[in-house]
Number of protein chains: 2
Amino acid sequence: MLNYYLASMYEQLEKSIREKVKISAEEFELCKTFFIPKKLRKKQTLLLEGDVCTYNAFIEKGILRSYATDEKGNEHVIQFAFEGWWISDLASFLQGSNSTHTIEAIEDSELLLLTYTAREDLMSKLPVFETYQRILLQNAFIAFQSRVNAALNSSAEEKYLKLTSAYPDIIARVPQHMIASFLGLTPETLSRVRKQISLRR
Amino acid sequence: MLNYYLASMYEQLEKSIREKVKISAEEFELCKTFFIPKKLRKKQTLLLEGDVCTYNAFIEKGILRSYATDEKGNEHVIQFAFEGWWISDLASFLQGSNSTHTIEAIEDSELLLLTYTAREDLMSKLPVFETYQRILLQNAFIAFQSRVNAALNSSAEEKYLKLTSAYPDIIARVPQHMIASFLGLTPETLSRVRKQISLRR
DNA sequence: GGTAGATTAAGAAATGGTATTGATCTAAAT
DNA sequence: ATTTAGATCAATACCATTTCTTAATCTACC
């Protein structure tokens, strides 16, 4: 039982790394020792706006979001992160600056945390982990580029359809007003968009 | 004279690398050998939509932009790149897929090109170069995150003011309709926004 | 003097803001 | 466990605002 539990604890992480680089069983065992497991209940936060982001979090289970709050008190969802993804406020994590984001669990979630020094250590002891991190960043960069493009050049409906066709289960797992915020729409506009779509069926 | 010319050819590159990692004079000399110098005149292209992006370009001098063309034939500026920046279509460069972007010089420009294999070679022979690349990506990622936020949650005027206060000389060096496209606005809207701002002075 | 780029005006379209309602979830009290 | 009060969320209606579209000048510069 214990073994099973431990194996499942790092299952997504191993999968994520092996998708991107070659790593031996021993290397992965070493790798695991740098992470701190952590559970979050729904609505609990990993990072509060204003604090320094001390962890890079890998998500074994659940969904998190990061959001920023503007002068008028409106929350703007920056990112959703599902199983197998990473989340953090990179600017704060890397530069040690105060975070402008809050990171919060949307469902009960299981995380693997990596501190700044653990990450530096791991990259220097295991160069393949630096390569893994670089590839992650490359992919994130590409994804962001297409998101910027969608944000600037697509209508509300196009943005919603692109998001839901890329991530179909987001509809069931994430409240609609958070999806609206992620797309830069008011909840009312998203509701109207959905109505339009359903009328056309 | 020749020495002076050669030194200036790699000046920005050396500055960019030294800002991010420690590198010896010998290592930088080695580094230089992997790059191919190239000059572009205004409006010449480095990459055409549909081709595979075979180069990662570092800009020693000048300005470039990348843009995508939509179904209606409208150009959408994805990125501007000034002296000391990198530009490419990363998705195409890394995955070997057909590019959806065109990369074009806005001014007469001097570039240093890195092919895919040269980049891989350089990263394996000079691990500090992989670190440099990772830090570049981290910075690009952070910049993109705030751009997404601005794109989704700022008005036309806010986006324009943010851009011009971050890069004041963009106004003089880049045609206004390209700035409008970069901000996801029509040229007419940007013109009206500028008028509003000037009236308030 | 022709052409690309910038400005301006007027009406159209998309999206936002406010308010209301109904449904559902949550948590405390019994 | 059940009930109930409050909170949360989604849908909708009505009006306001922003941005787009089209089209007509205006300008600057090869």
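Order of the sequence lines sets the chain letters (A, B, ...), proteins ahead of strands, with each chain counted from 1.
If you take CE of Met178(B) and C1' of dA6(C), they are 14 Å apart, rounded to a whole angstrom. If you take CG of Asn153(A) and C1' of dT19(D), they are 14 Å apart, rounded to a whole angstrom. Across the protein-nucleic acid pair, Leu190(A) atom CG and dG16(C) atom C1' stand 13 Å apart, rounded to whole Å. Counting to the nearest Å, the P atom of dC29(D) and the NZ atom of Lys42(B) are 11 Å from each other. The interatomic distance linking Glu188(A) (CD) with dT8(D) (C1') rounds to 14 Å, in whole Å. In this structure, CG of Asn74(B) is placed 15 Å from C1' of dT19(D), rounded to the nearest angstrom. At whole-Å resolution of the value, CG in Leu185(A) and C1' in dA11(D) are 16 Å apart. Between the C1' atom of dG5(C) and the CD atom of Glu75(B) lies a distance of 14 Å, rounded to the nearest Å.
When the side-chain nitrogen and oxygen atoms of Lys195(A) are compared with OP1 and OP2 of dT12(D), one or more of them lie within a distance under 4.0 Å. Dashed line: the shortest gap from a side-chain N or O of Thr186(A) to OP1 or OP2 of dG16(C) is under 4.0 Å. Between Gln176(B) and dT7(C) there is a side-chain polar atom (N or O) within less than 4.0 angstrom of OP1 or OP2. Residue His177(B) has no polar side-chain atom (N or O) positioned under 4.0 Å from OP1 or OP2 of dA4(C). One finds no side-chain N or O of Ser191(B) lying less than 4.0 angstrom from the OP1 or OP2 phosphate oxygen of dA6(C).
Taking the six-membered ring for Trp and the full ring otherwise, the centers of Phe182(A) and Phe80(A) sit less than 6.0 Å from each other. Centroid-to-centroid, the aromatic rings of Tyr167(B) and Trp85(B) come within less than 6.0 Å. In summary, the aromatic rings of Phe144(B) and Phe141(B) are positioned with their centroids too far apart to meet the 6.0 Å limit.
Residue Arg194(B) places no side-chain atom within donor-acceptor reach of the base of dG5(C), judged by atom type and a 3.5 Å distance cut-off alone.
In terms of position along DNA chain C, the nucleotide closest to Lys43(B) lies nearer the 5' end than the nucleotide closest to the other residue of the pair Lys43(B) and Arg192(B).
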Quiz item: For Lys61(B) and Glu83(B), what are the C-alpha separation, side-chain angles and deciding distance, and is it a salt bridge (Lys or Arg N to Asp or Glu O under 4.0 Å)?
Solution: CA-CA 5 Å; Lys61(B) 190 164 174 304; Glu83(B) 291 88 2; over 6 Å; no
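Donor-acceptor pairing under 3.5 Å is lacking for the side chains of Asn149(B) and His76(A).
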